[in-house]
Visitor: 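Right, I'll just put the structure down here and ask away after.
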Amino acid sequence: MNIILLGPPGAGKGTQARHLVDTRNMVQLSTGDMLREAKDSGTDMGKILADVMARGDLVTDQIVIGLIREKLSGEKAGGFIFDGFPRTLEQADALGALMASEGQTLDQVIEMRVDDAALVERITARSTCGGCGEVYNDKTKPIPADGKCTNCGKENDFKRRADDNEESLKTRLMAYYKQTSPLIGYYYAKDMLKVVDGLASIEEVQGSIAGALDG
Ligand code: AMP
């Protein structure tokens with residue numbers, strides 16, 4: 001089964017994708033993670049990406065479609081979770097064409113619906129383990145007192161993203177509403193959309209997504 005997790009920054013796409021990887025042997029394809037890797041490569045392209053991403057704007061369709069194309073032809077998995085992709089109608093069309101050319105189908109799109117005010121709070125409190133990507137939140141899931149990641153045990157390697165600040169978040173939210181939210185209608189019309197309440201607890205959202213996938 002191949003699925004898309006759709007939702008604004010901070011909706012919990014990454015957290016839920018990691019759970020699906022652990023429990024269903026799926027492969028997470030996060031364009032944000034791929035771009036952060038490319039950004040840290042020290043190349044000229046990396047510098048351009050760093051600027052665009054720090055502002056909170058979208059990287060060009062051509063670049064992200066290229067990244068996904070490489071992954072789709074390279075990996076054969078029990079199922080892909082597209083996390084943070086597609087983010088524009090052009091990317092959505094490209095994904096449909098790529099999947100068809102690989103003989104694959106896109107099965108479901110899960111929209112994680114959340115309230116804007118909650119996003120600011122979530123994002124500005126967020127940090128992740130540099131070892132495994134486990135997500136922490138200063139209020140709801142603080143970094144353990146012994147400094148060891150609860151998932152992988154790595155010590156004192158917690159990172160905050162450069163774009164997890166209020167100003168970049170506003171740009172990221174605007175990009176979501178202007179460029180990405182039309183995908184809700186796009187996939188609804190294709191009869192692929194399921195909506196879950198992204199404001200519920202992590203476990204409840206896990207349950208709703210499982211219900212959507214297995215229902
Ligand atoms: P994310 O980790 O998904 O929040 O993505 C972080 C940043 O990477 C975004 O704010 C964009 O600058 C860029 N990005 C990630 N995925 C895409 C995409 N599908 N299209 C364009 N830009 C993207």
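Hydrogens, waters and symmetry mates play no part in the numbers below; they use all other heavy atoms, side chains included.
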Visitor: Compare all side-chain heavy atoms of L106 with those of F82 and state whether any distance is below 4.5 angstrom.
Guide: yes

Visitor: For the pair D214 and R24, find out whether any cationic side-chain nitrogen is under 4.0 Å from an anionic carboxylate oxygen.
Guide: yes

Visitor: Answer yes if I202 and V196 sit in the same cluster of Ile, Leu, Val, Met, Phe, Trp and Tyr residues linked by side chain heavy atoms under 4.5 Å apart, and no otherwise.
Guide: no

Visitor: Is there a side-chain contact between D107 and M192 in this structure, where contact means two heavy atoms from C-beta onward sitting under 4.5 Å apart?
Guide: no

Visitor: With the threshold set at 4.0 Å, does a side-chain nitrogen-carboxylate oxygen contact exist between R172 and D164?
Guide: yes

Visitor: Taking side chain as C-beta onward, heavy atoms only, is C132 less than 4.5 Å from R18?
Guide: yes

Visitor: State, to 0.1 Å, how close F158 and K148 come at their nearest heavy-atom pair, and which atoms those are.
Guide: CZ-C, 4.3 Å

Visitor: Specify the closest pair of heavy atoms between A175 and G56, including all atoms of both residues, with the distance to one decimal.
Guide: CB-O, 4.3 Å

Visitor: Would you say K13's side chain and G7's backbone share a donor-acceptor pair under 3.5 angstrom?
Guide: yes

Visitor: Taking the side chain as everything from C-beta on, heavy atoms only, tell me whether K71 gets closer than 4.5 Å to L67.
Guide: no

Visitor: With heavy-atom distances below 4.5 Å as the criterion, would you say the side chains of S181 and Y186 are in contact?
Guide: no

Visitor: Nearest 0.5 Å please: distance from the NZ atom of K170 over to the CG atom of N165.
Guide: 10.0 Å

Visitor: Where is the tightest heavy-atom contact between A38 and T43, given as atom of each residue plus distance?
Guide: O-OG1, 4.5 Å

Visitor: My understanding is that only one of L193, T88, L89 makes a side-chain contact (heavy atoms from CB on, under 4.5 Å) with L183; could you say which?
Guide: L89

Visitor: For E90, is the CD atom crowded, meaning more than 12 foreign heavy atoms sit under 6.0 Å from it?
Guide: no

Visitor: Is there a side-chain contact (heavy atoms from CB on, under 4.5 Å) between T23 and H19 once you walk through the steps?
Guide: CA-CA 6 Å; T23 55; H19 179 72; 3.4 Å; yes

Visitor: Would you kindly confirm whether L58 and M45 end up in one hydrophobic cluster when ILVMFWY residues are joined by side chain heavy atoms under 4.5 Å apart?
Guide: no

Visitor: According to a 4.5 Å side-chain heavy-atom criterion applied to Ile, Leu, Val, Met, Phe, Trp and Tyr, with indirect links allowed, do I81 and V205 form part of one hydrophobic cluster?
Guide: yes

Visitor: Specify the closest pair of heavy atoms between A54 and S168, including all atoms of both residues, with the distance to one decimal.
Guide: O-OG, 2.6 Å

Visitor: State, yes or no, whether a side-chain contact exists between F80 and I3 at a heavy-atom distance under 4.5 Å.
Guide: no

Visitor: List the steps and the verdict of side-chain contact (heavy atoms from CB on, under 4.5 Å) for L20 and Q28.
Guide: CA-CA 8 Å; L20 292 170; Q28 177 186 11; over 6 Å; no

Visitor: Is the count of non-hydrogen atoms from other residues, nucleotides or ligands lying under 6.0 Å from R113 atom CZ greater than 12?
Guide: no

Visitor: Only one of R160, R126, R122 forms a salt bridge (Lys or Arg N to Asp or Glu O under 4.0 Å) with D138, so which one is it?
Guide: R160

Visitor: If you count the non-hydrogen atoms of other residues, nucleotides and ligands that lie under 6.0 Å from NZ in K178, is the total more than 12?
Guide: no

Visitor: Kindly compute the distance separating OG1 (T60) from CD1 (I48), expressed to the nearest 0.5 Å.
Guide: 10.0 Å

Visitor: Tell me whether the count of non-hydrogen atoms from other residues, nucleotides or ligands lying under 6.0 Å of OH in Y188 goes above 12.
Guide: no

Visitor: Under a 3.5 Å distance rule, please check whether S41 uses its side chain to pair with a backbone N or O of E37 as donor and acceptor.
Guide: no

Visitor: Give, for atom CG of D51 and atom CZ of R55, the distance between the pair rounded to the nearest 0.5 Å.
Guide: 6.5 Å

Visitor: Which distance, rounded to the nearest 0.5 Å, do you find between the CG of D197 and the CD of E204?
Guide: 8.0 Å

Visitor: When rounded to the nearest 0.5 angstrom, what distance separates CD1 in I123 from CG in L173?
Guide: 7.5 Å

Visitor: Look at atom CD of E155 and say whether more than 12 heavy atoms of other residues, nucleotides or ligands are closer to it than 6.0 Å.
Guide: yes

Visitor: Is there a donor-acceptor contact under 3.5 Å from the side chain of T140 to the main chain of N137?
Guide: no

Visitor: Same cluster or not: V114 versus M174, using hydrophobic residues (I, L, V, M, F, W, Y) connected whenever any side-chain heavy atoms lie under 4.5 Å apart?
Guide: no

Visitor: Please determine which of E102, Q108, Q104 meets the side chain to side chain donor-acceptor pair (under 3.5 Å) test together with N2.
Guide: Q104

Visitor: Given side-chain contact (heavy atoms from CB on, under 4.5 Å), test I209 with L213 step by step and report yes or no.
Guide: CA-CA 6 Å; I209 292 179; L213 298 184; 4.0 Å; yes

Visitor: Would you say L119 ends up clustered with V135 if hydrophobic residues are merged whenever their side chains have heavy atoms under 4.5 Å apart, either directly or through other cluster members?
Guide: no

Visitor: Under the rule for side chain to side chain contact (heavy atoms under 4.5 Å, CB included), what residues qualify as partners of A162, not counting sequence neighbours?
Guide: none

Visitor: Working to the nearest 0.5 Å, report the span between CD of E111 and CD1 of I184.
Guide: 3.5 Å

Visitor: Are there more than 12 heavy atoms of other residues, nucleotides or ligands under 6.0 Å from atom CD of E203?
Guide: yes

Visitor: Provide the closest heavy-atom pair for T124 versus V120 in the form atom of the first, atom of the second, distance.
Guide: OG1-O, 2.8 Å

Visitor: Under a 4.0 Å threshold between the charged nitrogen and the carboxylate oxygen, would D163 count as salt-bridged to R161?
Guide: yes

Visitor: Distance only, no hydrogens: is a donor on one side chain within 3.5 Å (strictly under) of an acceptor on the other, for D116 and Y176?
Guide: no

Visitor: Salt-bridge test for E134 and K141: reply yes if a basic N is under 4.0 Å from a carboxylate O, no otherwise.
Guide: yes

Visitor: Can you check side-chain contact (heavy atoms from CB on, under 4.5 Å) on Y136 and T128, steps first, answer last?
Guide: CA-CA 6 Å; Y136 291 87; T128 53; over 6 Å; no

Visitor: For a quick test of reading the model, state the closest non-hydrogen atom pair linking T31 to R87 and the distance between them.
Guide: OG1-NH1, 4.4 Å

